[in-house]
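All remarks here apply to the structure that follows.
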Amino acid sequence: TTKRPRGRSNVLWVESVTIKAVEAYGNAIAAQGLPLREAPTRNPVALGSVAAMAQQFGQAVAKLPVAEAAYQLGQLYTGLLPSDWRAEHGIYYTPPAVAARLLDQAEAAGVNWAKARVLDPAAGAAAFLVPVAVRMLRALGKCSPAIAVQNLNARLRGYERDGFAAWLGHVFIEAAAMPWLRTSGRRLGEIISVRDSLRDIEAATFDLVVGNPPFGRESLYFPYNTAI
């Protein structure tokens with residue numbers, strides 16, 4: 001076994017474990033489509049016997065629906081992070097049932113998934129964007145796969161401060177859209193931008209802004225409190 005490091009090295013260790021699990025997940029569904037996006041962690045640390053456990057976990061969750069698999073892999077990442085790091089950075093991922101409930105309410109209020117532009121300003125690992133992508137694709141019906149992919153690129157957006165979480169989100173959204181990506185021969189662009197949505201505000205219009213912002217220790221001083 002390899003001893004778990006501390007401090008920033010601990011976070012790199014957590015990212016390395018998560019990458020190993022996500023790579024196993026991606027390999028398990030590779031027959032369905034495209035290779036995995038490159039992870040942002042350039043120098044993964046040695047994991048010893050933990051690597052095999054991470055791979056087994058990734059292979060196991062590949063049998064689940066994408067939203068549930070995404071949640072379980074996200075829980076692996078967040079659960080291994082030090083508690084003070086999670087609190088300082090406001091890291092919390094929404095369960096699929098909660099996301100589905102909120103999206104059901106949005107749909108009941110009149111959101112048209114075939115046309116709506118949707119933003120999650122605290123996207124995390126795409127707990128909301130994955131099911132939104134699924135609903136958009138379902139609403140588009142039998143349109144060509146290329147047009148379906150174009151719709152996701154044009155109408156689905158997320159902002160996230162954590163670049164590693166944004167990578168996870170892109171992996172999961174592409175997993176949800178895999179049949180359309182495979183048939184069209186295309187990949188998704190930058191659905192999730194790495195930015196602080198309270199400080200780096202994009203001039204754009206959306207029909208639905210949905211999410212579960214984990215404020216953590218963030219204090220909302222002017223002008224940031226007016227951005228919400």
Side-chain angles (χ1 to χ4, degrees), residues 25-26 29-37 61-62 64-74 93-160 165-195 197 200-213 227-228:
Y25 170 76
I29 64 172
Q32 302 177 28
L34 304 169
L36 204 65
R37 284 175 177 253
V61 299
L64 300 173
V66 175
E68 183 61 35
Y71 178 67
Q72 294 300 329
L73 288 165
Y93 291 169
T94 306
V98 175
R101 175 63 173 167
L102 289 176
L103 295 179
D104 286 343
Q105 292 177 336
E107 188 170 326
V111 171
N112 181 352
W113 303 114
K115 297 180 179 180
R117 298 188 75 244
V118 180
L119 168 70
D120 183 346
F128 285 92
L129 296 181
V130 165
V132 168
V134 170
R135 291 176 189 233
M136 285 181 170
L137 292 168
R138 185 187 303 140
L140 290 169
K142 296 182 179 181
C143 72
S144 75
I147 291 177
V149 173
Q150 181 180 349
N151 267 262
L152 291 186
N153 278 325
R155 299 193 287 112
L156 189 63
R157 286 289 179 273
Y159 304 153
E160 172 56 43
W167 170 72
L168 289 174
H170 278 119
V171 169
F172 302 144
I173 295 169
E174 287 204 328
M178 192 62 74
W180 291 264
L181 298 176
R182 181 185 65 237
T183 305
S184 68
R186 300 185 179 186
R187 299 203 74 152
L188 293 175
E190 187 185 72
I191 300 295
I192 304 174
S193 301
V194 179
R195 64 168 68 188
S197 57
D200 184 10
I201 303 170
E202 181 182 20
T205 301
F206 296 93
D207 302 293
L208 174 65
V209 177
V210 65
N212 186 14
I228 299 180

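For reference, positions follow the sequence shown, starting with 1. Remember, it's a predicted structure, so these values are computed and weren't measured experimentally.
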Considering residues, nucleotides and ligands other than R117, do more than 12 of their heavy atoms fall under 6.0 Å from its CZ?
yes
CG of N212 to CG of D120, rounded to nearest 0.5 Å, is 8.5 Å
Test R157 against every option in V209, V132, L119 by the side chain to side chain contact (heavy atoms under 4.5 Å, CB included) rule and name the one that passes.
L119
Point-to-point distance, once rounded to the nearest 0.5 Å, from CZ of F128 to OG1 of T94
4.5 Å
If every non-hydrogen atom of P96 is compared with every non-hydrogen atom of Y71, which pair is closest and at what distance?
CD-CG, 3.5 Å
Between atom CG of L156 and atom CG of L137, what is the distance when rounded to the nearest 0.5 Å?
9.0 Å
Flag side-chain contact, heavy atom, 4.5 Å: L73 against L168
no
How close do Y93 and A165 get, counting heavy atoms only, and between which atoms?
OH-CB, 3.1 Å
Is there a side-chain contact between V134 and W113 in this structure, where contact means two heavy atoms from C-beta onward sitting under 4.5 Å apart?
no
Report yes if the side chains of Q150 and N153 come closer than 4.5 Å at any heavy-atom pair, otherwise no.
no
Do L188 and R37 make a side-chain contact, defined as non-hydrogen atoms from C-beta onward lying under 4.5 Å apart?
yes
For the residue pair S184 and V149, what are the closest heavy atoms and their distance?
OG-CG2, 3.7 Å
Calculate, to the nearest 0.5 Å, the distance between atoms OG and CH2 belonging to S144 and W180 respectively.
12.5 Å
Would you give the length of the straight line joining atom CD1 of I173 to atom CG of L129, rounded to the nearest 0.5 angstrom?
4.5 Å
What is the distance from atom CD1 of I191 to atom CZ of R155, rounded to the nearest 0.5 Å?
10.5 Å
Heavy-atom pair of closest approach, residues A125 and F172:
O-CD1, 3.4 Å
Locate the shortest heavy-atom distance separating A139 from A114; write the atom from each residue and the value.
CB-N, 3.6 Å
Worked check of side-chain contact (heavy atoms from CB on, under 4.5 Å) between V61 and Y25:
CA-CA 7 Å; V61 299; Y25 170 76; 4.0 Å; yes
What is the minimum heavy-atom distance between M136 and L152, and which atoms define it?
SD-CD2, 3.8 Å
Under 4.0 Å between a side-chain nitrogen and a carboxylate oxygen: does that hold for R195 and E160?
no
Tell me, do I29 and V66 make a side-chain contact under 4.5 Å, heavy atoms counted?
no
State, with a plain yes or no, whether a side-chain heavy atom of V210 is found less than 4.5 Å away from one of V118.
yes
